[in-house]
Structure formats: C-alpha cells, structure tokens
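Numbers restart at 1 for each chain; the letters A, B, ... are given by sequence-line order, proteins then strands.
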Amino acid sequence: MDPKKQVAFLSRGAAELLTPSELEAKLHKGKPLRVKAGFDPTIADLHLGHTVVMQKLKQFEELGHQVIFLIGDATARVGDPSGQSKTRPTLSAKEIEQNAKTYLDQAFKILDKKKTEVRRNSEWFKKMNAMEIVDLAGHYNVARMLEREDFKKRYTEGGQVTIQEFIYPLMQGYDSVVLKADVELGGSDQKFNLAVARDIQRAHAQDPEVILTMPLLVGTDGVKKMSKSYGNYIGITEPPKEIFGKLMALSDEMMWHYYELLTDEDLSAAKKMHPKEAKIALAKAIVTRYHSAKEAEAAAEEFEKVFGQKGKPGEIEEKVLSRKAPLGSLVQVIVQTGLVPSKSEARRLIEQGGVTVDDQKIQDIHAQITTTSDHLIKVGKRRFLRVRFE
RNA sequence: GGAGGGGUACUCAAGCGGCCAACGAGGUCAGACUGUAAAUCUGAUGGCUUAUGCCUUCGAAGGUUCAAAUCCUUCCCCCUCCA
C-alpha cells in the first residue's frame with residue numbers, strides 16, 4: 001500500500017497522530033516500521049477497552065510492519081501515573097508474572113504470534129545501575145514533568161506525587177530507545193508519556209517515534225471510560241452469553257464507537273443496516289473473536305429466543321430443594337435458591353411485578369408454593385431458575 | 001509543631017437533640033414503552049416470619065439525656081493554612 005493510503009488507513013478511529021507527515025516520511029523509506037506498544041500487566045482481567053490498541057497494532061501487522069508487544073513487567077512495578085488521582089499501589093513480582101501471561105494469551109487472539117516480537121522491559125531495566133538511572137533522569141526536567149495534567153493537579157492541590165512517578169515516563173521513553181521504535185501506540189491517556197519518549201529518543205540521538213493514540217473505549221454506561229472499577233466493562237474472558245448481552249444493551253450511539261474501535265468493519269455499510277441487526281453483527285464478531293463462531297451463533301439464537309420472543313432460554317439452571325422441607329412462601333423459595341439476596345428484596349420484586357412462576361405473574365407477597373412439582377421461576381428479565389423437589 | 005475544616009447508606013451530599021432507616025442527586029433494580037436497546041415515565045432501594053412492630057446503621061470507643069447522626073470526652077483517619 002502506498003504511504004499516503006497507509007497513513008489514512010492507520011488513522012481510522014485514532015485519537016491523534018503525531019504527526020501524519022512524519023509517519024508518511026518514515027513509510028517512504030520502504031522498510032517495515034518498528035511499531036511498539038507497551039502493556040503494563042497490572043491487572044488480571046482484561047476488558048474490551050484494553051483491546052483497542054491491540055486492534056490497531058493488528059492493522060500495522062497486516063501492512064507488514066514489525067509489531068513489538070512490550071510487556072512492561074518493570075514499569076508495572078512503578079505504576080503508571082496516567083489518569084491516576086492517587087499514587088497507585090505497587091504489585092508483587094508474582095502477580096505481574098501471572099498477569100503478563102494472561103495479557104499474552106489475549107493478545108494473540110488478535111495478533112499473529114509468529115509475526116509479533118514480544119519483549120519485556122525488565123530485560124534492560126534489571127541491568128540498569130543507579131548511575132545510568134541518574135543519567136536517564138538528567139534528560140528531563142521537573143518543570144516539564146509538572147506540565148502534565150494529572151501531576152499538576154495533584155501537586156497544586158496538595159496531593160502526593162512521588163519521584164518514582166516521575167521516573168515512569170522516562171522508563172517508557174527509554175524502552176523506545178532500546179527497541180528503536182519508529183512508531184508507538186497507546187491510549188489517549190498515554191499522550192504525555194509518549195511525548196516524553198520522543199524527547200528521550202532525541203537525547204539518545206534517535207529519530208523520534210511517531211505517536212498514534214487511540215481514544216479510550218467508553219464503558220457500557222456510555223459515560224465513563226471502560227474500567228473495572230466503574231463496573232462498566234465487558235471482560236474478554238466472560239462467557240459468550242454475557243458478552244453478547246452486554247453488547248446488545250449498548251445504546252445505538254455507543255455501538256458505532258465500539259464498531260470503530262473494536263472492529264475492522266466498514267462503518268458506512270454497517271450504518272445502513274437496521275440498528276438491531278448491526279448490533280447483533282457487532283456482538284457476534286466480538287464473541288467470535290474471544291470464543292468461537294459457533295458460540296457466537298448460539299448466543300445470538302438464545303438472545304433472540306429469550307428477549308425477542310419472550311421465550312425461555314435453552315438451558316435453565318436448576319435447583320433441587322428437599323421435598324421434606326416445609327413448602328414455604330414464594331419469598332422464601334427465591335431467597336433460598338439464591339435468585340435474590342434478601343427477603344425484603346424478594347418482596348419488593350414481587351410487589352413490583354417482577355416475579356413470574358410458571359409464566360404466571362405473582363404479585364402477592366404471601367403467595368405460597370403449594371405443589372412439589374417442578375416450577376419455573378423468573379425474576380426480572382433475565383434471571384431464570386427451575387426448581388425441582390426431591 | 002500551631003490554627004481551622006471534615007469523616008453520613010453503592011457514590012456524591014443534606015441533616016446538627018425528638019417529626020431520622022435518615023432530604024436530594026447519581027447509580028442500581030423492577031414495571032410501562034421498545035429493537036433485552038437508548039431516551040422517557042412510574043416505583044423501589046438496610047435487615048427481619050408485612051409488622052400502624054422489632055433489630056442494626058451516620059469514622060471508633062465511651063458518656064450526658066426519657067430521647068443522640070445531632071451535645072461532651074478520648075482515640076483513629078483525611079483536608080486547608082501557618083511553621
């Protein structure tokens with residue numbers, strides 16, 4: 001592909017490309033670019049938000065560039081201050097190692113294992129001695145460090161900023177020096193770190209890398225960035241049904257955001273579809289990626305059955321209760337079976353018409369389960385349970 | 001080290017002796033409407049054998065009072081200013 005087209009293709013969905021002309025110039029040299037993206041294995045569960053950058057890496061890979069998947073096992077111990085309002089706690093080496101493994105497993109669901117260069121920055125940081133660190137620190141100054149929004153804010157508001165956090169961007173920049181990166185990708189919250197990397201490279205007489213940042217994926221609430229702590233995430237290890245359901249619950253507007261950042265689909269074609277169809281296609285694509293096409297198909301069918309036709313799911317969890325135990329009130333039964341955490345909650349749901357027994361809506365909180373035959377209990381829209389007595 | 005401000009339910013945030021299981025907003029859950037959407041509307045939102053009832057909750061522990069989230073004492077934590 002000619003450089004101009006590549007630039008256009010690669011900027012799709014990107015938050016910022018610094019700069020297009022630099023990228024084009026690098027492409028004109030005709031050699032595969034070294035494209036770096038670092039991931040600090042700080043958490044155990046990855047969610048879709050983490051895959052946005054990987055998705056972009058894949059595009060570089062498809063164009064024949066050398067993708068470097070950098071595991072920040074050294075930087076993970078420092079903790080990236082990006083977007084943090086507090087100094088974050090450090091992790092143990094063991095946790096980091098475990099997380100790194102998960103990251104790789106997930107990364108290769110998107111990237112080609114054979115074509116990707118996997119590195120760890122402990123390779124060089126382990127060997128670095130104090131003098132070298134001091135030397136590295138000499139390449140940057142405090143005033144510029146404090147330009148950074150999250151530092152400035154914390155600093156002026158009397159919060160804590162540790163020197164360790166100052167080191168972080170320097171380390172990330174040094175990674176680029178070692179890896180001789182031509183391009184670096186990151187989330188848009190990484191912009192500062194990436195900019196520092198350019199300076200560090202210059203200080204080491206290297207051509208500064210081109211920076212390509214990706215927008216942060218907005219969570220399922222449609223407001224905040226996807227993050228585990230906000231509870232608005234879709235984990236990529238979640239069961240197919242869950243992933244499918246959560247994607248379907250997105251608003252139409254959000255769906256396009258997901259399309260753009262998580263797939264390579266032709267947006268204009270997708271927009272011509274009926275929104276529901278488009279959403280199903282999106283959900284299938286994502287489930288296929290992290291599970292399989294078969295499971296995606298099954299999840300779609302199930303979904304249509306339960307919600308589209310108000311039917312019952314193919315598989316309903318079953319709970320066996322003792323026949324000897326006195327048959328209690330409905331309230332008791334749904335708490336016992338764990339459908340609902342407390343009796344007050346159960347009564348509330350019943351009063352509000354959210355509980356169905358054998359397709360009959362029950363609104364009397366004193367209702368009793370009188371027969372020991374099987375009963376199908378439905379709570380809310382998606383909680384189904386079959387109760388059997390033995 | 002000195003002076004002041006503050007810690008309330010999932011979150012933010014009122015309340016500052018009884019009318020407080022605790023205003024309000026957000027979130028969440030349920031119902032209606034739909035494309036399981038979103039938006040909107042309605043309701044609920046500590047627990048308990050639903051009871052104009054009881055129990056637990058307002059940083060922690062004590063105390064005053066018929067009665068405390070509200071007053072007092074000690075302790076812990078956070079913030080602001082000064083040094």
Side-chain angles (χ1 to χ4, degrees), chain A residues 85-87 89 153-161 218-234 238-259 270-284 286-287 296 298-314 316 325-336 338-357 359-369 377-385:
Chain A
S85 48
K86 283 184 200 156
T87 303
K153 193 152 178 266
R154 255 194 278 166
Y155 186 67
T156 54
E157 287 173 4
Q160 176 175 266
V161 180
V218 176
T220 50
D221 58 359
V223 183
K224 289 184 277 209
K225 69 167 184 178
M226 185 174 282
S227 155
K228 193 172 182 188
S229 49
Y230 294 143
N232 61 359
Y233 70 104
I234 304 180
E238 289 189 63
K241 253 203 282 189
E242 282 297 311
I243 297 181
F244 198 93
K246 286 187 182 179
L247 285 167
M248 287 307 285
L250 291 175
S251 71
D252 292 355
E253 223 173 296
M254 289 300 299
M255 158 168 77
W256 305 121
H257 176 68
Y258 279 56
Y259 252 104
K271 282 191 178 171
K272 280 183 198 133
M273 285 192 259
H274 178 75
K276 191 187 178 188
E277 293 306 315
K279 213 178 282 175
I280 289 174
L282 170 72
K284 273 191 194 170
I286 305 285
V287 174
E301 270 174 41
E302 177 102 347
F303 184 83
E304 185 51 32
K305 202 156 86 187
V306 177
F307 297 106
Q309 297 156 27
K310 303 242 188 248
K312 301 171 188 78
I316 298 179
L327 291 171
S329 62
L330 176 58
V331 168
Q332 237 163 349
V333 172
I334 59 183
V335 172
Q336 253 170 40
L339 275 171
V340 151
S342 80
K343 293 187 186 174
S344 299
E345 174 96 28
R347 291 195 195 99
R348 211 175 292 142
L349 285 164
I350 292 173
E351 276 172 351
Q352 303 195 117
V355 178
T356 292
V357 176
D359 296 323
Q360 291 282 311
K361 189 181 272 190
I362 308 287
Q363 275 182 293
D364 175 12
I365 56 170
H366 300 287
Q368 303 286 313
I369 297 284
I377 303 178
K378 184 183 177 195
V379 177
K381 277 176 210 153
R382 42 173 60 195
R383 277 169 283 174
F384 287 90
L385 186 80

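- Atom CH2 of A:Trp256 and atom C1' of B:A38 are 14 Å apart (whole Å).
- Within the 4.0 angstrom heavy-atom criterion, only backbone atoms of the sugar-phosphate kind lie near A:Leu349; the bases stay farther away.
- The residue among A:Ile365 and A:Phe244 whose nearest nucleotide of RNA chain B is located toward the 5' end is A:Phe244.
- Listed pair A:Lys343 / B:G47 fails the phosphate criterion, with no side-chain N or O lying under 4.0 Å from OP1 or OP2.
- The gap from the C1' atom of B:C20 to that of B:U8 amounts to 12 Å, rounded to the nearest Å.
- Distance, A:Phe307 CZ to B:G35 P: 15 Å, rounded to whole Å.
- Using a 4.5 Å heavy-atom cutoff, the side chains of A:Leu282 and A:Phe244 are not in contact.
- Contact check for A:Asn232 versus A:Met226: side-chain heavy atoms found under the 4.5 Å cut-off.
- Salt bridge status for A:Glu277 with A:Lys284: absent, with no side-chain N to carboxylate O gap under 4.0 Å.
- Between A:Ile377 and A:Ile334 there is a side-chain heavy-atom pair separated by less than 4.5 Å.
- B:G18 and B:C66 make up a base pair, with Watson-Crick or G-U wobble contacts both under 3.5 Å.
- In this structure, the side chains of A:Glu238 and A:Tyr233 come closer than 4.5 Å at one or more pairs of heavy atoms.
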A:Met248 vs A:Lys246, test: side-chain contact (heavy atoms from CB on, under 4.5 Å). Steps then yes/no. CA-CA 5 Å; A:Met248 287 307 285; A:Lys246 286 187 182 179; over 6 Å; no

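- Here B:U73 sits opposite B:A61 as a Watson-Crick or G-U wobble pair (both hydrogen-bonding atom distances under 3.5 Å).
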B/S/- along nucleotides 40-46 of chain B (protein heavy atoms under 4.0 Å) is ---BSS-

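- On the P atoms, B:C54 is 40 Å away from B:U40, given to the nearest whole Å.
- The shortest distance between the side-chain N/O atoms of A:Arg383 and the OP1/OP2 oxygens of B:C29 is not below 4.0 Å.
- Comparing the same atom, C1', in B:G59 and in B:C66 gives a spacing of 28 Å after rounding to whole Å.
- In this structure, B:A13 makes no Watson-Crick or G-U wobble pair, since no nucleotide meets both defining distances under 3.5 angstrom.
- Computed from coordinates, the A:Gln368 CD to B:U49 P distance equals 13 Å when rounded to whole Å.
- A:Gly245 comes within 4.0 angstrom of a base, heavy atoms only.
- Taking only distance into account, the side chain of A:Asp221 never meets the base of B:G27 through a donor-acceptor pair shorter than 3.5 Å.
- Residues A:Leu247 and A:Arg347 both approach RNA chain B. Their nearest nucleotides, taken by heavy-atom distance, put A:Leu247 toward the 5′ side.
- Spacing between B:C77 and B:G26 at atom P, rounded to whole Å, works out to 36 Å.
- B:G43: Watson-Crick or G-U partner is B:C29, with both key distances under 3.5 Å.
- With both ends at atom P, the span from B:G4 to B:G53 equals 45 Å, rounded to whole Å.
- The gap from the C1' atom of B:A39 to that of B:A32 amounts to 14 Å, rounded to the nearest Å.
- Distance NZ (A:Lys246) to C1' (B:A38): 18 Å, rounded to an integer number of Å.
- Comparing the same atom, P, in B:A68 and in B:A61 gives a spacing of 15 Å after rounding to whole Å.
- We find that A:Arg348 and A:Glu351 are not joined by a salt bridge, their nearest charged nitrogen and carboxylate oxygen being 4.0 Å or further apart.
- Residue A:Glu253 places its CD atom among 12 or fewer non-hydrogen atoms of other residues, nucleotides or ligands, all under 6.0 Å distant.
- Rounded to whole Å, atom C1' of B:A51 lies 10 Å from atom NE2 of A:His366.
- In this structure B:U80 sits in a base pair with B:A3, meeting the Watson-Crick or G-U test at under 3.5 Å.
- In this structure, A:Lys279 and A:Leu250 approach most closely via the heavy-atom pair NZ-O, 2.6 Å.
- Taking atom NZ on A:Lys276 and atom C1' on B:A38, their separation rounds to 14 Å, with Å as the unit.
- B:G43 and B:U57 are spaced 31 Å apart, taking the P atom of each and rounding to whole Å.
- For the pair A:Leu339 CG and B:A30 P, the interatomic distance rounds to 12 Å; values are reported in whole Å.
- In this structure, A:Lys224 atom NZ and B:C12 atom C1' are separated by 11 Å, rounded to whole Å.
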